[in-house]
Amino acid sequence: MLDILRMVVSSGKWGNVDNLMDLIKLVGKRCQAAQPMELCTGNIVRRLLSVIREECHAIVMEEQREQRDQQLARSKNAAATATTAAGKGLSKPASAAGSRPASAKKSPALASLTLAPIATGSAVMGASADVNTLATGLSNLSVTGSPSTAGSAPPTSPHGSHLHHHQLAPHTSVFSLFAETDAVRIDYGRIKSTKTKSMFVEAINEMLDEMRNLHDSIAAQSVAHIHSNEIILTCGDAMTTLNFFKHAAKKRQFHVIVVESAPVYSGHQLASKLAAAGIETTVIPDSAVFAVMSRVNKVVLGTHAILANGGLVALSGATTLAVAAKHYAIPVVVTAGLYKLTPLHPFDLDVFNLLGAPATVADEAGDTLAAGAEVLNPYFDYVAPELVALFITNEGVYAPSYMYRLLTESYHPDDVSLELSPGAWDRFFPKTAAAAATVGARKVAPAVPVVRKSAFAESEGSDEDVSSEGEQ
């Protein structure tokens, strides 16, 4: 997915960042529609959109910093000019003092006085105007980074100068309380591709490097969680779990019990790989999970996806392991990369499941079962968050209750649904939009009244129904 998105960013003609984000969302929605159960596809798209927003946020903050530095430099120059003008104005009263009487010059009382420089009226007015201009410019810079509304005048002090004030932006979502990018309203349409294309391609390359090193990052934490002479129960054939055990076996001696995970028997594949790596391995049927759970020290699982509430979409049979482990108070540890974290909630569990071919189950039971009963072969299980103790990810170890925080750090709230901005479809497909407009004009065209006989009234109504369905 990242390779496809890198091609879109580097070779696509998007002009500005607003068009780029719509193009990425469009490609992501097409790929997600092709494989609805591959939730990681949408996660990668959301993560890239969040990285793009962060890069644009850095660009805008740098521009605002430069503007503030320029305003500060202008204010210093204005103050220096006002001070120079005030100093020149003092020369006139000093020359006028020479025409006073000699008695006034020789007076010791007057000679002992040291007068402070007094600015002329014109210099004071000029300095005040510069200060007021600077204060007005600063007051227009609100917290949101956008100018204040023209109708709301800033408060003024008793001396007539504007006071610096802040205009807080309303939070439209709870996510915005934690997201730093919501502090500044960014116009992505004005950020051009010539300035950001190389930056975005470099960010995608960094994400690719992170994905390549993901399994090693998780495996490096295995020594802290697996101890000598432990008995560990697992199921499935997850690459993350396999590397986790292999890395721990370099420094620890432990025993792994693998559930065979019928009817796909992916546990057999994992057991053969562990045995080849020199790890003591035992394979058990799914029905023996509760019987051996009392002898297990911990359960290590891989997962297909991590939901927003901390639950899992794991291989079928994982719920049996988690429930049995909770009965014996045994911790369940999940190894997964953060790219599997999806901002979806398990409102409808059937949406997160996939039914496999019933032949794998019916062939073992015989033709009698296949002919007399409905055979279901679900491929995934939903594991509730209260059944999970820890998540070991490439970024560290987290509890299930911390998943909501990771969501705000990984994805932007505007990218959760991957909805295109208004008019994006017309920009990418102008011919389709023009054709749709033509069809709409035909539909709203006034129809020519036709007088028909009453004998054909019934057939006339059926013809209208057919024609309307054909147009739809």
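In this structure, the side chain of N353 does not engage the main chain of L349 through any donor-acceptor pair within 3.5 Å. In terms of modelled atom types and a separation under 3.5 Å, the side chain of S410 and the main chain of L407 share no donor-acceptor contact. Although no hydrogens or angles enter the test, the distance criterion places a donor-acceptor pair under 3.5 Å between the side chain of D286 and the main chain of S261. Checked by atom type and distance alone, the side chain of S222 never pairs as donor or acceptor with a backbone atom of I218 at under 3.5 Å. Q269 places no side-chain N or O within 3.5 Å of a backbone atom of Y265 that could act as its donor or acceptor partner. The closest donor-acceptor contact from the side chain of N19 to the backbone of G15 lies at 3.5 Å or more, if one exists at all. A distance-only check finds no donor-acceptor pair linking the side chain of N394 to the backbone of G337 [under 3.5 Å]. Side-chain atoms of T408 come within 3.5 Å of backbone N or O of R405 as a donor-acceptor pair. Between the side chain of T41 and the backbone N or O of C31 there is no donor-acceptor pair closer than 3.5 Å. In this structure a side-chain-to-backbone donor-acceptor pair under 3.5 Å is missing from N16 to K192.
For the pair I392 and H225, the tightest heavy-atom approach, listed with the atom from each and the gap, is CD1-CD2, 3.6 Å. Closest of all the heavy-atom pairs between I279 and F245 is CD1-O, 3.7 Å. Contact between L39 and A305 at its shortest, heavy atoms only, is CD1-CB, 3.7 Å. When all heavy atoms are compared, the tightest approach of T196 to I59 is CG2-CD1, 3.6 Å. Contact record, L270 with G236: CD2-O, 3.1 Å, taken as the closest heavy-atom pair.
Legend: residues meeting salt bridge (charged side-chain N to carboxylate O under 4.0 Å, His left out) with E63, ordered by chain and number and at least two apart, are R190, K195. Taking the salt bridge (charged side-chain N to carboxylate O under 4.0 Å, His left out) definition, one finds that K29 meets it with nothing, sequence neighbours left out. The side-chain contact (heavy atoms from CB on, under 4.5 Å) check on R252 picks up V223, S228, F254, with sequence neighbours excluded. For D209, the salt bridge (charged side-chain N to carboxylate O under 4.0 Å, His left out) criterion is met by R212, not counting sequence neighbours.
The stretch residues 5-29 participates, sequence neighbours left out, in no ring-ring contact (aromatic ring centres under 6.0 Å, His included) pair at all.
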Derivation of the side chain to side chain contact (heavy atoms under 4.5 Å, CB included) call for I330 and M293: CA-CA 8 Å; I330 295 174; M293 186 61 70; 3.8 Å; yes
Candidate pair L301 and C235, rule side chain to side chain contact (heavy atoms under 4.5 Å, CB included), full reasoning: CA-CA 7 Å; L301 297 176; C235 69; 3.7 Å; yes
Trace of the salt bridge (charged side-chain N to carboxylate O under 4.0 Å, His left out) decision for R47 with D415: CA-CA 9 Å; R47 181 56 189 156; D415 303 328; over 6 Å; no
Criterion side chain to side chain contact (heavy atoms under 4.5 Å, CB included) on V9 and I24, from CA distance to verdict: CA-CA 8 Å; V9 174; I24 291 176; 4.3 Å; yes
Side chain to side chain contact (heavy atoms under 4.5 Å, CB included) assessment of R6 paired with L208: CA-CA 10 Å; R6 181 171 59 179; L208 283 170; 3.4 Å; yes
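Ring to ring, F290 and Y328 are close: their centroids are under 6.0 angstrom apart.
A donor atom on one side chain and an acceptor atom on the other are not found under 3.5 Å apart for H412 and S50.
In this structure, K197 places its NZ atom where more than 12 heavy-atom neighbours from other residues, nucleotides or ligands lie under 6.0 Å away.
Ion pairing between E419 and K25 fails under the 4.0 Å rule for side-chain N and carboxylate O.
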Which side-chain N or O atoms in residues 377-387 pair as donor and acceptor under 3.5 Å with protein atoms at least two apart or in another chain?
unit_1	atom_1	unit_2	atom_2	d
N377	ND2	A357	O	3.2
N377	ND2	T360	OG1	3.1
D381	OD2	G317	N	2.9
D381	OD2	T319	OG1	3.4
Y382	OH	N309	ND2	3.0

